[in-house]
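Read through the structure below, which is laid out as structure tokens, and then see the notes.
In what follows, chains carry the letters A, B, and so on, assigned in the order in which the sequence lines appear, proteins first and then strands, with residues in each chain numbered from 1.
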There are 2 protein chains.
Amino acid sequence: MSEILTQSIQDYLKQIYDLSADGAPASTNDLAARLSVAPASVTGMLQRLANVSPALVVYKKHQGVTLTSEGERAALEVIRHHRLLETWLVQTLGYTWDEVHEEACRLEHVISEDFERRIAAALGNPARDPHGDLIPTADLTMPSDDTRPLASLRTGEAGTVKRVHGADPAFLRHLQGLGLIPGAQVHVIGYSEFDGNLTLQIDSQPAFVVGLAITQRVFV
Amino acid sequence: MSEILTQSIQDYLKQIYDLSADGAPASTNDLAARLSVAPASVTGMLQRLANVSPALVVYKKHQGVTLTSEGERAALEVIRHHRLLETWLVQTLGYTWDEVHEEACRLEHVISEDFERRIAAALGNPARDPHGDLIPTADLTMPSDDTRPLASLRTGEAGTVKRVHGADPAFLRHLQGLGLIPGAQVHVIGYSEFDGNLTLQIDSQPAFVVGLAITQRVFV
DNA sequence: AATAGAATTTAGCTTAGACTAAAAGTATTT
DNA sequence: AAATACTTTTAGTCTAAGCTAAATTCTATT
């Protein structure tokens, strides 16, 4: 009754980590949506994950689920794999940042610790993946992120894009079209207090206006 | 009832390909041994593989199993993945030839066609993997191999090692210690007709004697 | 405080892929 | 040709992980 982390379990843990990142437990429904699985299936899995020893989650009926420290370790391991893989697919095989997610999602479950070490070393132990997400360290701790959403900047302020949130390829390609990619120097030259739109300028290119749907997903 | 090639099925097809390479059908027992599974489990799987449409194997009770052309295509796809991955792990991540098998066995089932294409291109569409095994081409045909076992050479003959047969790490390390690796120029300077031992010399290094257990598994 | 509606859980079913034990077929040896 | 040994298949069971439908619990609104 220990140490059998199937692919499915790893996916559950990863999503629970993500959904409970804000401190609040993850809900059955949200998990079902993220995992493309029926809510009843989630309930069944959560019961199992709470009853294996050591327990991977803390689960109380109708109250959502959080990870135990065991569960968190396992989640961080998968997330480290995922983000290292994404970085490495981009750097060594010429993938673009909108293409890597799916491939990494399948590879993350099967690579060995040796493989993990080798690509981490080959990449120079990167801190962030191609989307700017922080990569958990080799000892499985998640570095703290001090970025804030672009939406929090006001006219006259500027920042360097550090991270974008979201895996949808179309969204990522759109950001790329705008130049809102990690490393970009962004100047806020306008703000509308009614809709929250920002007018941005990157380097000396033409300015453009973007709404909250974007500025809340780009971090500086 | 079509096109669902699970990891398990892929493993069965790969082993059937290997065991029936000589033309004779593969036996239930041999498959069970290769797959580390009970013979009864093999029977069950073969029945399924024969009854899906399109059928992947030709199976008749008590008479062994062979691949249909559909099954062979699927097997070659997996084998191509495996051998490209091995090549690539060695070339780009510094794996040694005795370390790659296991890792490739897990990765082979999850990489995309896109990934396959990218590594094939990055490697310059190699013909052989690090053990010298031929890599099926992109259109899924297996090139013909014109090598013969080192055991078939006699005193005075010479050849270049093209391929070694076997995945056992200890065996591979032993061969490496002897210098019997793909590319090595081998001269036969002695033959014993009683035990089949050959005395070999590689470049101008000291000669050494090896038995059939080795010379039947090294091809020139 | 009652109740409609949403979220969650229970109950029971399905499939893939393994297992064991027992039965049946095939092969070998006398 | 019979007896024994080996191989293969059948029959029945198990677990992981999903599903649907029905029951339950929670929450929000009247």
Side-chain angles (χ1 to χ4, degrees), chain A residues 1-16 19-20 24-66 71 74-75 78 105-106 108-110, chain B residues 1-16 19-20 24-66 71 74-75 78 105-106 108-110:
Chain A
M1 245 199 219
S2 108
E3 293 293 305
I4 319 131
L5 295 177
T6 66
Q7 188 154 321
S8 204
I9 290 178
Q10 290 178 22
D11 284 333
Y12 275 86
L13 296 176
K14 193 168 60 147
Q15 296 303 337
I16 295 168
L19 287 170
S20 60
S27 80
T28 301
N29 253 9
D30 287 356
L31 277 169
R34 290 281 195 108
L35 294 161
S36 304
V37 136
S41 306
V42 173
T43 302
M45 179 63 99
L46 296 184
Q47 289 168 341
R48 283 203 302 124
L49 296 183
N51 287 328
V52 294
S53 90
L56 295 166
V57 304
V58 177
Y59 166 67
K60 293 219 185 81
K61 279 189 196 180
H62 295 107
Q63 294 181 209
V65 66
T66 55
V78 183
C105 270
R106 278 174 287 111
E108 68 189 8
H109 305 294
V110 304
Chain B
M1 243 194 222
S2 110
E3 292 293 306
I4 318 128
L5 296 177
T6 65
Q7 189 154 321
S8 205
I9 290 178
Q10 290 178 21
D11 284 334
Y12 275 86
L13 296 176
K14 194 168 60 148
Q15 296 303 336
I16 295 168
L19 287 170
S20 60
S27 79
T28 301
N29 252 8
D30 288 356
L31 277 169
R34 290 281 195 107
L35 295 161
S36 304
V37 137
S41 306
V42 173
T43 301
M45 179 62 99
L46 296 183
Q47 289 169 342
R48 284 203 301 126
L49 296 182
N51 287 329
V52 293
S53 90
L56 295 166
V57 304
V58 177
Y59 166 67
K60 292 216 186 83
K61 276 190 197 178
H62 300 285
Q63 293 181 211
V65 67
T66 55
V78 182
C105 270
R106 278 174 287 112
E108 67 189 8
H109 305 294
V110 305

Rounding to a whole Å, what distance do you find between A:Ile9:CD1 and D:dG18:C1'?
14 Å
Rounded to whole Å, the CD1-C1' distance (A:Ile4 to D:dT15) equals 11 Å
Starting from C1' on C:dT9, measure out to CG on A:Leu31 and report it in whole angstrom.
15 Å
What is the distance, rounded to the nearest whole Å, between atom CG of B:Asn51 and atom P of C:dA16?
12 Å
Roughly how far, to the nearest 0.5 Å, is CZ of A:Arg106 from CD of A:Glu108?
10.5 Å
On DNA chain D, more 5' by nearest nucleotide between A:Ser8 and B:Ser27 is B:Ser27
On DNA chain D, check which nucleotide each of B:Thr43 and A:Tyr12 is closest to and give me the residue with the more 5' one.
B:Thr43
Report the distance from atom CG of A:Asp30 to atom C1' of C:dA6, rounded to the nearest whole Å.
13 Å
Going through the checks in order, is the side chain to side chain contact (heavy atoms under 4.5 Å, CB included) test met by A:Thr66 and A:Ile16?
CA-CA 7 Å; A:Thr66 55; A:Ile16 295 168; 5.7 Å; no
Taking only N and O in the side chain of A:Tyr59, is any of them less than 4.0 Å away from OP1 or OP2 of C:dT8?
no
In whole Å, I'd like the distance from the CD atom of A:Gln47 to the C1' atom of C:dA11.
12 Å
Which whole-number value in Å describes the distance from A:Met45 CE to C:dT8 P?
17 Å
Nearest-Å distance for atom pair CG/P, residues A:Asp11 and D:dA16
17 Å
If you look only at pairs with a residue in residues 32-46 of chain A, which of them pass as a salt bridge (charged side-chain N to carboxylate O under 4.0 Å, His left out), with sequence neighbours excluded?
A:Asp18-A:Arg34
B:Asn29 side chain near D:dT8 phosphate (N/O to OP1/OP2, under 4.0 Å):
yes
Using a 4.0 Å cut-off on protein heavy atoms (strictly under), produce a 5'-to-3' string for nucleotides 19-26 of chain C with B for base contact, S for backbone-only sugar-phosphate contact, and - for none.
BBB---S-
Could you give me the CA-CA distance, side-chain angles and deciding distance for A:Lys14 and A:Cys105, then say whether side chain to side chain contact (heavy atoms under 4.5 Å, CB included) is met?
CA-CA 11 Å; A:Lys14 193 168 60 147; A:Cys105 270; 3.9 Å; yes
Measure the spacing between CD of B:Gln10 and CG of B:Leu56 and express it to the nearest 0.5 Å.
10.5 Å
List in chain and number order the residues that pass side-chain contact (heavy atoms from CB on, under 4.5 Å) with B:Ala38, two or more places apart in sequence or in another chain; answer none if no residue qualifies.
B:Ser41
How many angstroms lie between CG in B:Leu35 and CG in B:Asp30, if you round to the nearest 0.5 Å?
10.5 Å
